[in-house]
Amino acid sequence: NAVGHLKMIKEQYHCDGINLLDELAIIDRRWFIEFCQAVSSEVPGLKIFAGVGRANLLSDEVIQAAKAAGFIRIGCGIESGSQKILDLLVKKTTVEQNQSAIQRVKAAGMMATCNFIFGTPGENSATLKETEKLLAENLDPRDYAVNLAVPYPGTPMFDYAIEHGLLRKESIHDYIIGASFGSYPLNLSEFESSAKLVREVDLMQFRLMLRTLVKEGSKMQLLKLFVK
């Protein structure tokens, strides 16, 4: 009784907004649309921040239903602006689908927030530039999150690391502990080292932020950026 819970927290605790963390919310399109219709009629005025899933499932009907229900942000995992990387990750999405979803969410008056992963097998300067192009043309640097690929046991990427000698079985325990605390010990990409990959991703983010500040005409922010 999801709608009942939302109604209760709004009426009893005067909660005006929630963060919906269910990344599979739109897997069942029919359920999601019915949920949105119920929220708009029974819990009017509620604001919803959400990361609801895959870009290829964000149909116009889903987007409009979310808008009517009070969603002010819709997020999804784009992962890359390179079709090569999307195919290697078996995302079953296209760059065009991802770009279309971002634009249609924004056109509906909501924020589009996206997650990206860098350093997967096959990542190189060319794929990095393709992702930078997608970001520059569609998203503000404040609207996306940058992550580095970390293979976990039980995933094809982890098997790839073992098979290609990037990770030895006897060091798996130490690797998992390090990865859990944010270290990036493996270089799965085509860059010569993980340090080179991280440097290129950092430079990409710097260029994108600089581009945004110039576009917004924020002279003070630019000055602070270079003074630091």
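We number each residue from 1, following the sequence as shown. Here the structure is a predicted model, which means the values were calculated and not measured. Side-chain atoms are counted along with the backbone in the values below, which use heavy atoms only and exclude waters and symmetry mates.
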Tell me whether [X] shares a hydrophobic cluster with [Y], the cluster being built from Ile, Leu, Val, Met, Phe, Trp, Tyr side chains joined at under 4.5 Å.
{"X": "Met111", "Y": "Leu134", "value": "no"}
{"X": "Leu21", "Y": "Val43", "value": "no"}
{"X": "Ile72", "Y": "Leu139", "value": "no"}
{"X": "Phe118", "Y": "Val90", "value": "no"}
{"X": "Leu203", "Y": "Leu213", "value": "no"}

Please examine the side chains of [Y] and [X], heavy atoms only from C-beta on, and report whether any two atoms are closer than 4.5 Å.
{"X": "Ile27", "Y": "Leu57", "value": "yes"}
{"X": "Val150", "Y": "Tyr152", "value": "yes"}
{"X": "Ile18", "Y": "Phe49", "value": "no"}
{"X": "Tyr144", "Y": "Leu208", "value": "yes"}
{"X": "Gln205", "Y": "Asp202", "value": "yes"}
{"X": "Tyr160", "Y": "Leu166", "value": "yes"}

*Between Arg29 and Glu61, does at least one N-O distance fall below 4.0 Å, as a salt bridge requires?*
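Salt bridge present between Arg29 and Glu61.
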*Could you walk me through whether Lys196 and Arg199 pass the side-chain contact (heavy atoms from CB on, under 4.5 Å) test, one step at a time?*
CA-CA 5 Å; Lys196 175 67 172 176; Arg199 181 175 182 275; 4.3 Å; yes
Could you tell me whether a side-chain N or O of [X] sits under 3.5 Å from a main-chain N or O of [Y], the two making a donor and an acceptor?
{"X": "Ser171", "Y": "Leu167", "result": "no"}
{"X": "Thr131", "Y": "Gly81", "result": "yes"}
{"X": "Thr155", "Y": "Pro151", "result": "no"}
{"X": "Lys7", "Y": "Ala2", "result": "no"}
{"X": "Asn187", "Y": "Phe191", "result": "yes"}
{"X": "Ser40", "Y": "Cys36", "result": "yes"}
{"X": "Lys84", "Y": "Gly122", "result": "yes"}

Do you know which two heavy atoms are closest between [X] and [Y], and how far apart they sit?
{"X": "Met204", "Y": "Leu135", "result": "CE-CD1, 4.1 Å"}
{"X": "Thr120", "Y": "Ala149", "result": "CG2-CB, 3.8 Å"}
{"X": "Gly119", "Y": "Leu197", "result": "CA-CD2, 3.4 Å"}
{"X": "Ile26", "Y": "Arg54", "result": "CD1-O, 3.7 Å"}
{"X": "Val95", "Y": "Gln83", "result": "N-OE1, 3.0 Å"}
{"X": "Ser80", "Y": "Leu86", "result": "O-CD2, 3.8 Å"}

Is the [atom1] atom of [X] crowded by more than 12 outside heavy atoms at less than 6.0 Å?
{"X": "Arg207", "atom1": "CZ", "result": "yes"}
{"X": "Phe116", "atom1": "CZ", "result": "yes"}
{"X": "Gln97", "atom1": "CD", "result": "yes"}

_If the test is side-chain contact (heavy atoms from CB on, under 4.5 Å), which one of Val105, Ile102, Asn98 qualifies with Leu58?_
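Only one option passes, and that is Val105.
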*Calculate, to the nearest 0.5 Å, the distance between atoms CD1 and CG belonging to Ile117 and Leu89 respectively.*
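Answer for the CD1-CG pair, Ile117 versus Leu89, is 6.5 Å.
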*Quick one: pull up CD in Glu200 and NZ in Lys129 and give me the separation to the nearest 0.5 Å.*
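Rounded to the nearest 0.5 Å, the CD-NZ separation comes to 9.0 Å.
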*If the plane angle is over 60° it's perpendicular, under 30° parallel, otherwise tilted; pick one for Phe32 and Phe71.*
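It falls in the perpendicular class, over 60°.
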Between [X] and [Y]: side-chain donor-acceptor atoms closer than 3.5 Å:
{"X": "Glu130", "Y": "Ser82", "result": "yes"}
{"X": "Asn115", "Y": "Glu79", "result": "no"}
{"X": "Asp60", "Y": "Gln64", "result": "no"}

